[in-house]
Amino acid sequence: MDIQKPALATGEGLSRLKWEYNQERSAYSDLLCFGTADMDYRSPEPILDALRAVLDRGHLGYPMVPDAYYEAIHGWLMQTASWDVDARVCVAQNAGVYMAAWSALQILTRPGDRVTVMTPVHFCFQEILRLNGRMVLESPLLLKNGGYEIDFASLEACLASGSRVLWLCNPHNPVGRAWTREELERVAALCLKYRVWILSDDVYCGLMFLGRRYVPVASLSKEISYRTVTLYSVSKTFNTAGLRHAFIVAENPEFFKQYTELLTSMNLHYGQNLMGIAATTAALTACGDWVRSVMEGVAQSHRMMAERFATHTPSCRVLPAEAGYFAWIDLRALKVRPQMLSYLLEQEEHIIVENGYPLGKGGAGFIRFNLAASQENVLEGTDRLLRFCARHLRSA
């Protein structure tokens, strides 16, 4: 399966935020967009077939969640992580990962409570917390020997200072780490020691590089599972973000009861997302080959970009990745003001990337580049990045 072939071109009238919106906003006809975290590929055919089948049946009213949905989640977690859960009593749906996250946080925290995040991390984590009156504690990751590690001394200090929740990202966006069982065991031990809940955003867990295995922190033991809420969606792995569908796994029955009551308070418990149910069931049961093909292409693009940076601009570098479809690129050698990086790249080279500056401590001077694009666009984007680096290194 050649995943590069069905890459969608611009100008197809799709009204995407990633492409059409940015081209209209900038008025650059040659703009290349590597920012927003969705793919430039058609979603897998089994998902499209499942959605067509819903339309062909012709009834778009309130759906009952079928057994197949829960069986798909159970089977997928067993296959990918050897985690055996009773999905019918611990899985609840919601309208997107961040809606699910905020629903959980409303139960676990109150205004003024402290929540720990490991930075740099996707800006929505801190944005949601601060806009809703929670205090953010940042535990920056350590960049050592060319890769990222958890700073356990910093993490313990944050948890010991009264943090109610650790909002974990596993695998981590943007740095691309897939936390190992040993690392997660240390995280879990600290959370149990200080009676801190874990909210684990695992939305990128289906996008593992060859040889890496996804480990859900809640799978480590029943004790830690009872203090963990895990967030899932097929949105990133299978390019279905526009369906706005997510689910949680929460084995603690008291928390699960409170969560479902909260959904009821917002009338989100009845008549779930019909298309989301169909897409999730198809994604988790029939799209494994598609994902493997995607990740082969992403790994190839990541390797190419890292090698070209090492050859042509060794003072800037592409950090290693274990999961996700991003290149996390260190441009600190350019001495460009961190706040200006993405703006200057758009103005000078007509490419859009995600600036690391808003992602918290440790993000300044870095950019996130979305590799889930056609090989042609990734090559051209790499050329433009290297040209930008050469120009600014000369002027540094």
Side-chain angles (χ1 to χ4, degrees), residues 37-39 43-44 47 72-85 87 90-91 93-94 96-98 100-101 104 117-118 121-122 124-125 148 150 166-185 187-188 198-220 224-225 228-241 245-251 276 279-296 298-299 302 321-326 328 368 370-372:
D38 59 18
M39 302 182 188
S43 296
I47 291 177
I73 292 170
H74 172 265
W76 175 71
L77 287 173
M78 279 294 294
Q79 180 182 356
T80 59
S82 301
W83 187 20
D84 188 7
V85 303
C90 68
V91 168
Q93 301 175 56
N94 212 316
V97 165
Y98 290 119
V117 298
M118 294 191 291
V121 72
H122 185 40
C124 279
F125 284 40
Y148 281 93
I150 296 171
L166 167 64
W167 194 348
L168 182 69
C169 195
N170 178 34
H172 195 92
N173 170 23
V175 307
R177 274 301 316 276
W179 305 120
T180 65
R181 178 172 294 274
E182 292 72 25
E183 288 170 314
L184 291 172
E185 285 173 344
V187 169
I198 299 174
L199 180 63
S200 191
D201 181 345
D202 292 20
V203 73
Y204 287 96
C205 69
L207 298 166
M208 306 298 292
F209 278 56
L210 184 65
R212 299 293 176 177
R213 186 169 175 82
Y214 161 60
V215 182
V217 66
S219 71
L220 299 178
I224 194 62
S225 183
T228 300
V229 181
T230 311
L231 309 173
Y232 289 109
S233 174
V234 300
S235 57
K236 300 303 182 183
T237 302
F238 303 96
N239 205 35
T240 64
H245 179 82
F247 61 92
I248 68 160
V249 175
E251 292 194 285
T280 298
T281 305
L284 300 184
T285 56
C287 299
D289 289 343
W290 187 90
V291 175
R292 280 187 285 276
S293 183
V294 166
M295 291 312 295
E296 287 172 5
V298 167
H302 194 280
E322 300 167 344
Y325 47 63
F326 304 122
W328 181 241
R368 191 191 75 176
N370 187 337
L371 296 168

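Fair warning: this is a prediction, and the values are worked out from it, not measured in the lab. Just so you know, residue 1 is the first one in the sequence shown, and it goes up from there.
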Assess the residue pair Val249 and Thr228 against the criterion (side chain to side chain contact (heavy atoms under 4.5 Å, CB included)); give the C-alpha distance rounded to whole Å, side-chain angles, the decisive distance to 0.1 Å, and a yes or no. CA-CA 9 Å; Val249 175; Thr228 300; over 6 Å; no
What I'd like to find out is whether the side chain of [X] reaches to under 4.5 Å of the side chain of [Y], using heavy atoms alone.
X      : Y      : result
Trp328 : His172 : no
Phe238 : Thr280 : no
Pro171 : Leu207 : no
Leu231 : Leu199 : yes
Arg368 : Asn173 : yes
Glu251 : Trp83  : yes
Ile224 : Ile198 : yes
Glu185 : Thr180 : no

Spacing of Leu210 atom CG and Glu296 atom CD [to the nearest 0.5 Å]: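 With rounding to 0.5 Å, CG (Leu210) is 8.0 Å from CD (Glu296).
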With rounding to the nearest 0.5 angstrom, report the CG to CG distance, Leu77 to Asp84.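 These two atoms lie 9.5 Å from each other.
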If you compare all heavy atoms of [X] against all heavy atoms of [Y], which two are closest, and at what distance to 0.1 Å?
X      : Y      : result
Val217 : Ala188 : CG2-CB, 4.4 Å
Trp290 : Met39  : CH2-SD, 3.6 Å
Val203 : Ser235 : CG2-OG, 3.8 Å
Tyr98  : Cys124 : CZ-CB, 3.6 Å
Ile47  : Ala283 : CD1-CB, 3.7 Å
Asn239 : Ser43  : O-OG, 2.7 Å

Could you tell me how the ring of Trp167 sits relative to the ring of Phe125: parallel (under 30°), tilted (30 to 60°) or perpendicular (over 60°)?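 Aromatic pair Trp167/Phe125 classed parallel.
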Going by salt bridge (charged side-chain N to carboxylate O under 4.0 Å, His left out), name the residues that satisfy it together with Glu322, two or more places apart in sequence or in a different chain.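 Partners of Glu322 by the salt bridge (charged side-chain N to carboxylate O under 4.0 Å, His left out) criterion, ordered by chain and then number, come out as Arg177, Arg212.
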By salt bridge (charged side-chain N to carboxylate O under 4.0 Å, His left out), which residues pair with Arg181, not counting sequence neighbours?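 Listed in chain order: nothing, the list is empty.
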Excluding sequence neighbours, so at least two apart, what forms side-chain contact (heavy atoms from CB on, under 4.5 Å) with Asp202?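 Applying side-chain contact (heavy atoms from CB on, under 4.5 Å) to Asp202 gives Asn170, Ser200, Cys205, Tyr214, Pro216, Thr230, Tyr232.
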Before giving the answer on side chain to side chain contact (heavy atoms under 4.5 Å, CB included), spell out for Tyr325 and Asn370 the whole-Å C-alpha distance, their side-chain angles and the decisive distance to 0.1 Å. CA-CA 6 Å; Tyr325 47 63; Asn370 187 337; 3.2 Å; yes
May I have the step-by-step check of side chain to side chain contact (heavy atoms under 4.5 Å, CB included) for Val234 and Leu284, ending in yes or no? CA-CA 8 Å; Val234 300; Leu284 300 184; 3.9 Å; yes
Judged by atom type as modelled, is there a donor-acceptor pair below 3.5 Å linking the side chain of Ser233 to the main-chain atoms of His245?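 Yes; judged by distance alone, with no hydrogens or angles, the pair exists.
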